[in-house]
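Take a look at the structure set out below.
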2 protein chains.
Amino acid sequence: MTLSDTVYERLRTDIVQGRFPPLQPLRLEQLKRDYGVGFSPLREALNRLQGERLVVSAAQRGFRVRSLSVAEMWDAVNSRILIEAEALRLSIDQGGDDWEATLVASFHALSLIVQRLGTGAADGADTAALEELERRHREFHLALISACGSTWLLDFAAKLNTETERYRVLALRCATLRRERDVGAEHRAILDAALARDPERAADLLDAHYRETGHFLEQVLQDAGTAAS
Amino acid sequence: MTLSDTVYERLRTDIVQGRFPPLQPLRLEQLKRDYGVGFSPLREALNRLQGERLVVSAAQRGFRVRSLSVAEMWDAVNSRILIEAEALRLSIDQGGDDWEATLVASFHALSLIVQRLGTGAADGADTAALEELERRHREFHLALISACGSTWLLDFAAKLNTETERYRVLALRCATLRRERDVGAEHRAILDAALARDPERAADLLDAHYRETGHFLEQVLQDAGTAAS
DNA sequence: TAAAGAAGAAATTTCGAAAATCTGGACAAA
DNA sequence: TTTGTCCAGATTTTCGAAATTTCTTCTTTA
């Protein structure tokens with residue numbers, strides 16, 4: 001693990017977590033001090049983040065955090081539906097026993113932490129638990145498509161996941177309203193369809209799941225926007 | 001335009017054109033001499049190329065050109081079909097007069113150079129003309145999907161295009177057999193379906209076009225493989 | 001002979017200084 | 001007032017040396 005890799009991951013999470021506001025210039029001198037590294041690993045990390053579309057750069061003008069908007073959120077959500085629905089169909093077609101095993105396991109791990117958070121401490125307070133929730137959520141959705149056999153689709157899905165994660169984090173920050181629908185039930189339905197080897201039903205459920213999440217995020221962002229203005 | 005950008009583009013074309021054999025380590029000292037630049041712009045360019053999956057890297061072990069294989073080619077082709085077919089449907093739905101204009105224009109430009117190459121000089125000799133053909137071919141396919149309104153789909157399509165270009169270049173290098181089918185007619189059929197605003201027919205034709213190209217590339221690669229062994 | 005280890009060579013990675021470029025403001029000219 | 005130019009400070013970008021790690025080769029040992 002090189003310094004570049006470390007800085008890359010730290011910058012990545014800091015951007016996804018919204019530590020740097022969108023469109024804010026990322027000053028190298030400041031990052032140098034904050035992360036305690038030289039220019040080289042910083043610039044290498046930023047160049048990689050550009051490929052993931054987390055930052056944008058203009059020649060001689062350095063790097064900025066990429067913007068956020070409702071329109072861009074829907075672009076990411078729709079693209080994600082297209083790619084993950086197909087990857088899920090392929091996984092259902094090609095996945096073996098080991099795939100089913102990791103699928104059930106990751107769903108169970110997700111259910112456990114959802115239950116714990118639902119019954120346990122106050123919501124929003126325990127950031128560590130929320131990060132663990134996000135991690136297991138990502139693991140479950142990754143497990144669904146992990147047997148698709150396409151490195152490109154998995155690559156694209158990962159990029160779109162981090163992109164949409166930026167919006168989920170933002171929603172958690174400024175969400176006063178609670179989520180009405182039962183996301184756990186949606187996950188279970190997708191799992192059931194996958195285990196039943198029904199590609200079309202599974203893909204449709206995944207589509208609806210992401211679309212619902214998109215509507216939820218849109219509502220939160222708009223409420224936050226009007227509340228802020 | 002910074003030095004990093006220049007080096008990035010040069011490395012990119014050199015890799016796509018097959019100047020560096022797949023899996024060969026890219027020695028920084030040698031690249032430094034070849035391109036006449038320091039370490040910094042080189043490493044920045046390589047980090048960006050990693051995001052496009054043209055090179056791979058291992059910690060403390062530098063960069064290598066990514067491998068080529070028939071299986072990976074089909075992965076890229078199938079992913080490309082999924083993404084560009086959807087982008088084409090969206091373009092047909094949302095494209096205006098200006099879209100149709102650039103579409104017709106880019107098709108015409110492509111037809112011109114195809115005609116010139118067909119009747120003109122010996123095939124394979126004029127590399128400049130072949131590069132221009134490749135450029136216009138890319139322009140036409142980009143024009144088809146340019147009105148889709150999704151930055152993510154356009155981004156993915158661009159990456160997959162350069163990936164498949166690696167195989168097209170390879171095929172041009174070692175192809176002794178000539179291509180039987182009329183690619184120009186396929187392009188015209190796609191153009192007609194797009195102008196007729198028939199999304200399903202256009203998507204199906206695009207699908208068949210890329211699939212056919214995939215079969216062609218597979219055959220060339222296998223022939224080259226058996227001929228070499 | 002095979003395996004393990006050490007020394008030397010080669011390559012990558014990182015750092016900070018230096019060069020190149022941009023930004024904003026002061027000042028002059030129209 | 002507006003427009004254009006030039007300078008100083010700030011910032012990005014590039015370079016080559018130094019530090020770190022990996023690879024190679026030779027030697028030793030069982």
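A, B, ... follow the sequence lines: proteins, then strands. Residue 1 opens every chain.
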> So do B/L11 and B/L54 actually touch side chain to side chain, heavy atoms under 4.5 Å?
Replying inline: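 Of all side-chain heavy-atom pairs linking B/L11 with B/L54, none is under 4.5 Å.
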>> If you only use heavy atoms from C-beta on, which nucleotide in C/dG16, C/dT13, D/dC15 is closest to the side chain of A/K32?
In response: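 For A/K32, the side-chain atoms sit closest to C/dG16.
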> Counting side-chain heavy atoms from CB outward, which of C/dT23, C/dC15, D/dC15 is closest to A/V37?
Replying inline: C/dC15
Once you apply a heavy-atom cut-off of 4.0 Å, does [X] come out as touching a base, just sugar-phosphate, or nothing?
{"X": "B/L3", "answer": "sugar-phosphate"}
{"X": "B/R43", "answer": "base"}
{"X": "A/L26", "answer": "sugar-phosphate"}

> Between atom CD in A/E29 and atom C1' in C/dA18, what is the gap in whole Å?
Replying inline: 14 Å
>> Expressed as a whole number of angstroms, how long is the span from B/F63:CZ to C/dT13:P?
In response: 6 Å
>> Could you check whether atom NE2 of A/H108 has more than 12 heavy atoms from other residues, nucleotides or ligands sitting under 6.0 Å from it?
In response: no
Does [X] put a side-chain nitrogen or oxygen below 4.0 Å from OP1 or OP2 of [N]?
{"X": "A/S4", "N": "C/dT13", "value": "no"}
{"X": "B/R27", "N": "C/dT12", "value": "yes"}
{"X": "B/T2", "N": "D/dT12", "value": "no"}

> Between A/T151 and B/E72, does any side-chain donor sit less than 3.5 Å from a side-chain acceptor?
Replying inline: no
> Between B/R53 and B/E163, is there a salt bridge with N-O shorter than 4.0 Å?
Replying inline: no
